[in-house]
2 protein chains.
Amino acid sequence: MDTKERILRAAMQAFSEKGFNGVSVDEIAKRAGVKKALIYYYFPSKDKIFKEVWDRSLSELEKHLFDEIENEKSYMKKLKGFLKAYIDFVTNRKVISEVINKERASVMSEDKWTDLKERYEGFLSKIASLIDEGKRYNAIYEDIDPMAAANLISGSMVHSEKPGILEKVISVIMRGILKG
Amino acid sequence: MDTKERILRAAMQAFSEKGFNGVSVDEIAKRAGVKKALIYYYFPSKDKIFKEVWDRSLSELEKHLFDEIENEKSYMKKLKGFLKAYIDFVTNRKVISEVINKERASVMSEDKWTDLKERYEGFLSKIASLIDEGKRYNAIYEDIDPMAAANLISGSMVHSEKPGILEKVISVIMRGILKG
DNA sequence: ATTTTTACTTACCGGTTGGTAAATTCTAAT
DNA sequence: ATTAGAATTTACCAACCGGTAAGTAAAAAT
């Protein structure tokens with residue numbers, strides 16, 4: 001693994017534990033086993049490190065969610081596979097999930113993170129498209145707002161100490177959007 | 001308004017905009033129009049300021065949500081009144097809502113905030129009780145996990161720029177938990 | 001009028017912050 | 001072997017961080 005990658009992973013781990021403002025560049029350096037100045041050789045600023053962590057996190061999440069269901073013909077299996085994959089990701093890829101979860105509110109409201117906000121909204125739009133597709137198959141209630149459902153799904157996917165609670169949350173959402 | 005109150009409100013406003021780690025004690029002082037040392041006359045530490053902001057925020061939210069519905073006999077009106085009051089609070093008391101929303105993930109996962117985590121879980125329990133009550137009135141699906149529903153409701157109550165989206169999110173949740 | 005208590009300010013502390021310039025070491029091509 | 005460029009370290013900066021000690025002004029109690 002090359003140096004830039006080590007720095008990026010150390011940053012991701014640190015941000016997931018303490019959030020962006022709770023982590024110093026020096027701490028990232030120590031976790032990566034490099035000197036702080038070397039971080040500024042690979043990245044122009046702390047903000048840009050976070051931007052790369054954020055983009056990568058969402059891309060990995062998208063890949064995990066959409067790659068496996070892309071060849072599924074049955075919409076019902078597709079949607080359920082999607083939600084199952086989401087639970088699986090939050091459970092087994094805690095670092096990435098926590099990065100998103102810890103900084104989502106700041107990303108969505110602070111002006112300095114406009115780019116990251118748009119990246120997150122793009123992710124939400126993909127979920128919204130999946131919901132919208134369900135209307136054509138008569139599987140999703142017609143009056144559902146796809147973007148609202150996407151927000152609800154993504155916003156409720158937070159890791160919890162008690163196991164099984166995520167499945168129960170999802171079952172509520174499924175009953176809320178799925179016919180029958 | 002006395003000085004301690006001014007400090008507390010300045011802190012609340014600042015935390016809601018930038019989160020706990022994004023705000024310095026000096027910034028709180030400047031917003032409150034006092035010197036930093038005076039803050040340490042009224043509060044022992046920055047952590048304790050936030051604890052007071054957090055406790056107050058949840059108490060005000062609880063008051064707003066439960067006070068108005070306490071005399072409602074019909075469970076259906078009660079639950080709908082509760083959700084309507086929640087939307088109203090998030091829409092009109094943005095400062096408090098954003099404090100909770102921005103720091104929820106950190107409070108729930110970082111060891112230093114054990115007290116605040118318990119305070120938030122107490123709040124969730126009250127919502128869970130309301131859900132559980134609905135089962136006795138045959139209004140809520142029996143297989144619903146009240147704590148999961150409480151998490152879903154509270155976690156989805158985030159302010160959005162687009163108006164009306166909160167109502168749509170809640171309508172999904174209602175269909176997910178309410179019979180008929 | 002004097003003392004005591006409360007409210008508030010000034011001035012500072014050691015440590016950390018994000019970030020930079022310059023020097024050094026390593027690597028690969030010539 | 002020399003050189004050039006990439007990778008990494010050392011040393012530093014001004015600004016800021018949370019927090020404190022000592023003093024002053026105002027108000028309340030005696």
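Just so it is clear, the model here is predicted, and its values are computed rather than measured. Below, chains carry the letters A, B, ... as their sequence lines are ordered, and counting in each starts from 1.
One interatomic measurement links the two molecules: CG of A:Leu38 to P of C:dT25, which rounds to 16 Å at whole-angstrom precision. Distance, A:Lys46 NZ to C:dT16 P: 15 Å, rounded to whole Å. One interatomic measurement links the two molecules: CG of A:Asp26 to P of C:dG18, which rounds to 8 Å at whole-angstrom precision. The interatomic distance linking A:Ile39 (CD1) with C:dT20 (C1') rounds to 14 Å, in whole Å. In this structure, A:Ile28 atom CD1 and C:dT17 atom C1' are separated by 12 Å, rounded to whole Å. The CD1 atom of B:Ile49 sits 8 Å away from the P atom of D:dG19 (whole-angstrom rounding). Taking atom CZ on A:Phe20 and atom P on C:dT17, their separation rounds to 13 Å, with Å as the unit. Atom pair A:Tyr40:OH and C:dA21:P shows a separation of 13 Å (rounding to whole Å applied).
Looking at B:Lys51 and B:Asp55, a side-chain N of the basic residue comes within less than 4.0 Å of a carboxylate O on the acidic one, giving a salt bridge. Under 4.0 Å is where a charged nitrogen must lie from a carboxylate oxygen, and between B:Asp88 and B:Lys84 no such pair does.
As judged by a 4.0 angstrom heavy-atom cut-off over every strand, B:Phe43 is placed among residues making no nucleic acid contact.
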Under the criterion salt bridge (charged side-chain N to carboxylate O under 4.0 Å, His left out), I'd like the reasoning laid out for B:Glu98 against B:Lys102: C-alpha separation, chi angles, the key distance, then a yes or no. CA-CA 6 Å; B:Glu98 278 293 280; B:Lys102 276 226 169 77; 3.6 Å; yes
Please report the C-alpha distance between B:Ser74 and B:Tyr137 in whole Å, then the side-chain angles of each, then the deciding distance to 0.1 Å, and finally whether the side-chain hydrogen bond (donor to acceptor under 3.5 Å, both in side chains) criterion is met. CA-CA 9 Å; B:Ser74 152; B:Tyr137 290 105; over 6 Å; no
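With hydrophobic clusters built from ILVMFWY side chains whose heavy atoms lie under 4.5 angstrom apart, B:Trp113 shares a cluster with B:Ile49.
In this structure, B:Tyr41 does not reach the C:dT9 phosphate: none of its side-chain N or O atoms is under 4.0 Å from OP1 or OP2. OP1 or OP2 of D:dC17 has at least one side-chain nitrogen or oxygen of B:Ser24 nearer than 4.0 Å.
The one candidate from B:Arg136, B:Glu142, B:Lys135 that meets the side-chain contact (heavy atoms from CB on, under 4.5 Å) condition with B:Asn138 is B:Glu142.
Scanning atom types as modelled, one donor and one acceptor separated by under 3.5 angstrom connect the side chain of A:Lys36 and the base of C:dG18.
For B:Lys35, the side-chain atoms get nearest to C:dT9 when compared with the rest of C:dG18, D:dT10, C:dT9.
Relative to the six-membered ring of B:Phe43, B:Lys4 meets both conditions, a distance below 6.0 Å and an angle of at most 45° to the axis.
Annotation: proximity of residues 3-13 of chain A to DNA chain C (heavy atom, distance under 4.0 Å) is found for no residue.
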